[in-house]
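Excluded from the calculations below are hydrogen atoms, water molecules and symmetry mates; all remaining heavy atoms, backbone and side chain alike, are included.
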Amino acid sequence: MKPIFVIGDVHGEIGLLEKILENWDRERERLLFVGDLIDRGENPGAVLRLVKQLSMEEEVIVLTGNHEKMLLDWLAAPSEKMAYYISQGGMETIQTLLPENIEEKVTPEELAKRVMEESADLITFIENLPLFYEEKQYVFVHAGVDLTIPDWKKTEEKQFYWIREPFLFGENHTGKVFIFGHTPVQNLHSDGSSNIWISPDQTRLDIDGGAVYGGSLNAIVVEEHAVTKLFRVDK
């Protein structure tokens with residue numbers, strides 16, 4: 001198994017992403033993002049452009065997160081979804097996907113049309129992101145899976161990028177080790193730290209350091225039999 005350099009939820013923090021990528025061994029390691037590249041943060045558009053460019057040059061796996069899905073949902077129903085998407089940090093994404101500043105008087109439909117036209121390549125990139133990536137005993141996913149059903153691969157689609165507690169604290173009989181983001185680790189550590197969270201049974205590893213909330217951007221190197229390296233870049 002070729003090692004995988006796995007990066008947690010970036011949420012537009014381009015500066016932190018550039019710093020943590022300094023630890024990535026391009027010659028030896030693949031690169032994997034667990035989703036939520038966009039919304040909130042310093043420059044979500046720049047993050048998307050960098051990740052898309054890397055995916056054209058190297059062996060890169062990018063998973064879909066709930067924020068990528070929220071962007072697509074807004075593009076499909078601009079007026080209906082506008083208020084909710086903005087409340088989730090969507091305006092930072094919209095602004096950085098457009099080459100010019102947004103005019104004061106523009107309808108949600110007009111705004112969505114501009115994004116679709118002016119960042120068409122990035123939208124297509126997002127539309128084609130997978131829900132999970134499986135290799136050996138590892139499953140990489142944005143939020144988690146349904147552990148209550150016989151076959152975790154039959155998890156309802158939205159749960160792959162939205163699920164929390166049922167996955168985080170349920171019994172895992174799948175034989176798989178899940179590496180994911182979505183839930184900031186500060187919510188799982190009693191001391192509120194930004195360090196990677198490992199479930200008591202050692203089968204779930206949360207790497208979302210809550211970077212956009214003042215935490216850290218976390219990364220790990222996954223090899224065939226173990227996680228061999230941990231990296232953290234603080235906000």
What's the verdict on side-chain contact (heavy atoms from CB on, under 4.5 Å) for Y161 and L129, showing C-alpha distance, side-chain angles and the deciding distance? CA-CA 12 Å; Y161 45 79; L129 300 181; over 6 Å; no
State, yes or no, whether a side-chain contact exists between F231 and I207 at a heavy-atom distance under 4.5 Å. no
Checking side-chain contact (heavy atoms from CB on, under 4.5 Å) for the pair L168/R204: CA distance, chi angles, key distance, verdict? CA-CA 7 Å; L168 294 169; R204 279 151 285 188; 5.9 Å; no
When rounded to the nearest 0.5 angstrom, what distance separates CD1 in I126 from CG in D121? 10.0 Å
CD of Q53 to CG of L50: how many Å apart, nearest 0.5 Å? 8.5 Å
So, does Q159 use its side chain to make a donor-acceptor pair with the main chain of E156 at under 3.5 Å? no
Under 3.5 Å, is there a donor-acceptor pair between the side chain of E13 and the main chain of L217? no
Output every pair passing salt bridge (Lys or Arg N to Asp or Glu O under 4.0 Å) with a member in residues 164-177, not counting sequence neighbours, ordered by first then second residue. E134-K176
Heavy-atom closest pair (A143 atom, I163 atom, distance to 0.1 Å) is CB-O, 3.4 Å
Would you mind reporting whether M82 and W74 have side-chain heavy atoms less than 4.5 Å apart? yes
K52 and L122: which non-hydrogen atoms are nearest, and at how many Å? CD-CD2, 3.6 Å
Reported NZ-to-CG distance for the pair K158 and L131, which is rounded to 0.5 angstrom: 13.5 Å
Report yes if the side chains of F132 and K153 come closer than 4.5 Å at any heavy-atom pair, otherwise no. yes
How far apart are the C-alpha atoms of L205 and F178, what are their side-chain angles, what is the distance that settles it, and do they pass the side-chain contact (heavy atoms from CB on, under 4.5 Å) test? CA-CA 6 Å; L205 191 71; F178 293 91; over 6 Å; no
Show the nearest heavy-atom pair for residues K113 and E117, with the distance to one decimal. NZ-OE2, 2.6 Å
So, for A76 and P78, which heavy atoms are closest and what is the spacing to 0.1 Å? C-CD, 3.7 Å
Mind checking whether V221 and L230 sit in one hydrophobic cluster, side chains of I, L, V, M, F, W, Y counted as touching below 4.5 Å? no
Could you state whether F160 and F180 fall into the same hydrophobic cluster, counting links through intermediate Ile, Leu, Val, Met, Phe, Trp or Tyr residues with side-chain heavy atoms under 4.5 angstrom apart? yes
Q186 and S194: which non-hydrogen atoms are nearest, and at how many Å? NE2-OG, 3.0 Å
Indicate every side-chain donor-acceptor pair of residues 2-11 with a distance under 3.5 Å to a residue at least two apart or in another chain.
from	atom 1	to	atom 2	distance (Å)
D9	OD1	H182	N	3.3
D9	OD2	H182	N	3.1
H11	ND1	I38	O	2.8
H11	ND1	D39	O	3.3
H11	NE2	D36	OD2	3.3

When you look at V233 and L17, which way does the side-chain contact (heavy atoms from CB on, under 4.5 Å) test go after all the steps? CA-CA 9 Å; V233 177; L17 176 58; over 6 Å; no
With a 4.5 Å cut-off on side-chain heavy-atom distances among I, L, V, M, F, W and Y, is there a chain of contacts connecting I123 to V51? yes
Separation between CZ (F140) and CZ (F33), nearest 0.5 Å, reads 13.5 Å
Please tell me whether I61 and W24 are part of a single hydrophobic cluster in this structure, the criterion being side-chain heavy atoms less than 4.5 Å apart. no
Can you list every salt bridge (Lys or Arg N to Asp or Glu O under 4.0 Å) pair that touches residues 136-152, not counting sequence neighbours? K136-E224
Check whether any side-chain N or O of E68 sits under 3.5 Å from a backbone N or O of L37 as a donor-acceptor pair, and report yes or no. yes
Does K69 come within less than 4.0 Å of E157, counting only side-chain N to carboxylate O? no
Would you mind reporting whether D208 and N218 have side-chain heavy atoms less than 4.5 Å apart? no
Would you give the length of the straight line joining atom OG1 of T228 to atom CD of E29, rounded to the nearest 0.5 angstrom? 7.5 Å
With no hydrogens and no angle check, do the side chains of N66 and H142 hold a donor and an acceptor under 3.5 Å apart? yes
Kindly work out whether a path of hydrophobic side-chain contacts (I/L/V/M/F/W/Y, heavy atoms less than 4.5 Å apart) joins V145 to I198. no
Value rounded to 0.5 Å, distance of CE in M116 from OG1 in T124: 7.0 Å
Side-chain (Q95) to main-chain (E92) donor-acceptor, under 3.5 angstrom: no
For the residue pair T155 and I149, establish whether any side-chain heavy-atom pair is separated by less than 4.5 Å. yes
Sub-4.5 Å side-chain heavy-atom contact between I94 and Y85: yes
So do L48 and L97 actually touch side chain to side chain, heavy atoms under 4.5 Å? yes
Would you find a donor on one side and an acceptor on the other, under 3.5 Å apart, between the side chain of Y138 and the backbone of E223? yes
L21 versus L31: any side-chain heavy-atom pair under 4.5 Å? yes
